[in-house]
There are 2 protein chains.
Amino acid sequence: MARESGRARSAAGGSATILQVAEAAGVSRQTVSNVINAPHRVRQETRERVERVIGELGYHPNRVARWLRVSSPGMIGYRIRPVAEESVASIHDRFLHTLAEFGEASDHHVLVFTASDTEEEADRCTALCRTGTVSGVVLYDLTPYDTRPDRLTAAGVPFVAFGRTAAGADRYSWVDVDNSAGTAIAVDHLVAAGHRRIGFIGWPEGSSVGDARARGWLEAMDRHGLLAGSHRLDVRGPDTMSSGTRLMSELLDRPSPPTGVVAATDTLGVGALHAVRDRGLLLGRDIAVVGFDDTPAASALGLTSLRQPIEEVGQLIITELVRLTGRDTEDAAAAPMNRLLEPDLVARASTVPGR
Amino acid sequence: MARESGRARSAAGGSATILQVAEAAGVSRQTVSNVINAPHRVRQETRERVERVIGELGYHPNRVARWLRVSSPGMIGYRIRPVAEESVASIHDRFLHTLAEFGEASDHHVLVFTASDTEEEADRCTALCRTGTVSGVVLYDLTPYDTRPDRLTAAGVPFVAFGRTAAGADRYSWVDVDNSAGTAIAVDHLVAAGHRRIGFIGWPEGSSVGDARARGWLEAMDRHGLLAGSHRLDVRGPDTMSSGTRLMSELLDRPSPPTGVVAATDTLGVGALHAVRDRGLLLGRDIAVVGFDDTPAASALGLTSLRQPIEEVGQLIITELVRLTGRDTEDAAAAPMNRLLEPDLVARASTVPGR
DNA sequence: GATTTCGATTTTATCGTTCAACATGCCATT
DNA sequence: AATGGCATGTTGAACGATAAAATCGAAATC
């Protein structure tokens, strides 16, 4: 029975250390470590004895010490944004929850931080990584000409993005939702319900998400032959409820107003619903509205919406980031992962009166 | 000029180590450490030389190594919850953002984790603390008979709560918002606008927040002498929009319906707005509605609401938690902090037609 | 002139863990 | 009988930082 030289002392956190467990179980430090990290290397009898002592002493390995040794904090950085005024909800918090959940499954934690813009975000990511606080970061909501990928690549910060840039996107890993497919599905849904004049309420051009959603509407309309000759029923404005209400009114004031409308977000969609109610129109019968993002507000108001597979996005991103930051060199050198997922339409009363 | 024995090697994160800086500057490790943590101990000339080298090498001290040595990870744990269905918004994400922001100001980071209920939350907090991953945690939304304070106290996990339990709340640190004062302010606001029959839409009894908000309405009504003889205009139901709409309809169907209504949350308040619209009543003139929490939905819909001073809550909580987890023993032993803050009324069109 | 004081810096020890290398004993090959 | 492999354990050396003690030279004091 070997004995360690130093005497056992209580750890700072009040928890036992691996050395105390080793002494109590009459084995060496490393054997305790093996019981935890590589149980197959330890004889069953020894393992059980050590495990019993671990239980008695309430030992939990100190993660910080572990991180230092293996030089990889199981920590993922993510920038949280201030809540947008006038927006009913975003999928931002749903995404964060998913990251945390799948991160835990891979023994990783999520560290959140704030930044006033994407440039500061990139700087903070770099600092967090350099100081060894996080092993990698997740980027949210990439714009077409986002500078974050290049900055982080240059700084050697491992990252995976939700969304992608217009160019060079094959050089880094990303997961994106096919926004244009989403609005196309919405158009198909409305066409199947008999609608022919289908409008679109979107954001001003320049954002990758907004432009893709507008393109999906346009292409689907064209595919159904519904653009020919008719005036294009699309309007643009900021992503707020009041803007949605105003834009919807504008559409309804046209000489031949739409009978169905695709909104680029639930916020705009909910705003549109108000315009419909204000005019005393019957939702789902006189006019149908489809939103995007399937936020709680949509389900509360019966707004048909497009649900992004956030859970799958989160899972893929975490898996990829764990791969990138893993110690397996050949693994990390593999080609970046690029995945495009399809949203699902959740039909509600705003397009199907019965529901 | 002393020289360290080991040869300099590049750190895992790609960043330089303190040893490399020391060698490049021709000083010992400790001097570099002092330049960073106790500049006054270093002669100006030496300090400037070391600082220049730090800049040239882009050195950032490795936080993980620092945490191990000082046995206090500058990390705060916080449980994030899944987004509630049918709820337009909560202040949960605003609170998280505030925590992150003020945490950064105190050189602390926020680690988020998930849990399915408060018991699992307490267990995870304990594990996070025992493994040295966090130095303390923040609890959100305490219920009257919450078990978390006792569990964490027993486990020796430092924590500060937003909210408080019915009993034993003087034994731990908390910050709370005076919910009953909030609804009382709402009643005062409506009375000042000439309303006499003022209703209340709340949650079923049993939650500390919900009960306090109901009590505030009741006490303020009594103070204004508006309860005498009249039928009490209060109804209860789950915290969803559809519930708000239904409860509001119920109130409007009474023989002598209210002209003003205080809702326990913006979600219920927004639901109530729909009932008002459905009946063609003019909001702010025929009937006034006040919500609670000042969520983006309230500002979007012109719903007068009570704003909780979340920023102040977050700041107080972080400051207290940093004190509790600090290495200053006498500081940590001081009496717990108990602070009750007042919400503010934000007047909008739902009570003041002009706005 | 010897001693003390003090500021500036270095040396030593340590935080709690895991990696790499090396013992040891036992069994199957050769 | 020597060799190799496998299962099981142990030991020394990191990981990168900081606290505490030790050193050293110069100035101040006795």
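Quick note on labels: first sequence line is chain A, next is B, and so on, each numbered from 1. Both backbone and side-chain heavy atoms feed into the values below; hydrogens, waters and symmetry mates do not.
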**Prompt:** salt bridge (Lys or Arg N to Asp or Glu O under 4.0 Å): which pairs involve residues 92-107 of chain B, sequence neighbours left out?
**Reply:** A:Arg124-B:Glu104, B:Arg63-B:Asp107
**Message:** Please report the distance, rounded to the nearest Å, between CD1 in B:Ile18 and C1' in D:dT18.
**Reply:** 8 Å
**Approximate separation, where rounding is to 0.5 Å, of A:Asn34 CG and A:Ser28 OG** = 8.0 Å
**Fill in**
Within residues 36-58 of chain A, the residues having a heavy atom closer than 4.0 Å to DNA chain D are A:His40, A:Arg41, A:Val42, A:Arg43, A:Thr46
**Request:** List for me each residue that meets side chain to side chain donor-acceptor pair (under 3.5 Å) alongside B:His109, sequence neighbours excluded, and say none if there are none.
**Result:** none
**Complete:** When rounded to whole Å, the CG to C1' distance for the pair A:Leu19 and C:dT17 reads 11 Å
**Item:** OG1 on B:Thr165 to CG on B:Asp170, rounded to 0.5 Å
**Value:** 9.0 Å
**Request:** Ignoring hydrogens and angles, answer whether the base of D:dG12 and the side-chain atoms of A:Arg29 contain a donor-acceptor pair closer than 3.5 Å.
**Result:** yes
**Message:** So B:Pro158 and B:Cys129, do their side chains get closer than 4.5 Å, heavy atoms only?
**Reply:** yes
**Prompt:** What integer distance in Å separates B:Arg63:CZ from D:dC15:C1'?
**Reply:** 18 Å
**Fill in**
Students should find that the end-to-end axis angle of the helix from C:dG1-D:dC30 to C:dT30-D:dA1, with five pairs defining each axis and rounding to 10 degrees, is 60°
Kindly list each side-chain donor-acceptor pair under 3.5 angstrom involving residues 133-141 of chain B, sequence neighbours excluded, with atom names and distances?
| from | atom 1 | to | atom 2 | distance (Å) |
| --- | --- | --- | --- | --- |
| B:Thr133 | OG1 | B:Thr131 | OG1 | 2.6 |
| B:Ser135 | OG | B:Pro73 | O | 2.7 |
| B:Ser135 | OG | B:Met75 | O | 3.1 |

**Fill in**
DNA chain C nearest-nucleotide lookup for B:Asn34 and A:Ser33: closer to the 5′ end is B:Asn34
**Request:** Assess whether side-chain hydrogen bond (donor to acceptor under 3.5 Å, both in side chains) is satisfied between A:Glu48 and A:Gln44, documenting all intermediate values.
**Result:** CA-CA 6 Å; A:Glu48 284 169 359; A:Gln44 180 171 356; 3.0 Å; yes
**Message:** Between B:Arg339 and B:Glu320 (salt bridge meaning N to carboxylate O under 4.0 Å), is one present in this structure?
**Reply:** no
**Asked** Judged by modelled atom types alone, do A:Asp150 and A:Thr153 share a side-chain donor-acceptor pair under 3.5 Å?
**Response** no
**Message:** D:dT11, OP1 or OP2 - any side-chain N/O from A:Ser28 closer than 4.0 Å?
**Reply:** no
**Message:** What is the distance, to the nearest angstrom, from the CZ atom on A:Arg66 to the C1' atom on D:dA14?
**Reply:** 16 Å
**Prompt:** Separation of A:Trp67 atom CH2 from C:dC19 atom P, in whole Å?
**Reply:** 16 Å
**Asked** Rounded to the nearest Å, what distance is computed from the CD atom of residue B:Gln30 to the P atom of nucleotide C:dT14?
**Response** 15 Å
**Request:** Would you indicate, yes or no, if C:dT10 has its OP1 or OP2 atom less than 4.0 angstrom from a side-chain nitrogen or oxygen of B:Thr31?
**Result:** yes
**Item:** Ring centroid separation A:Tyr78 to A:Phe95 under 6.0 Å
**Value:** yes
I'd like a table of atom pairs between the protein and nucleotides 22-24 of chain C - only N or O on both sides, under 3.5 Å - with the distance next to each one.
none

**Request:** Would you state whether a donor and an acceptor, one from the side chain of A:Arg69 and one from the base of C:dT18, lie under 3.5 Å apart?
**Result:** yes
**Item:** Cationic N near anionic O, under 4.0 Å, A:Arg151 to A:Asp123
**Value:** yes
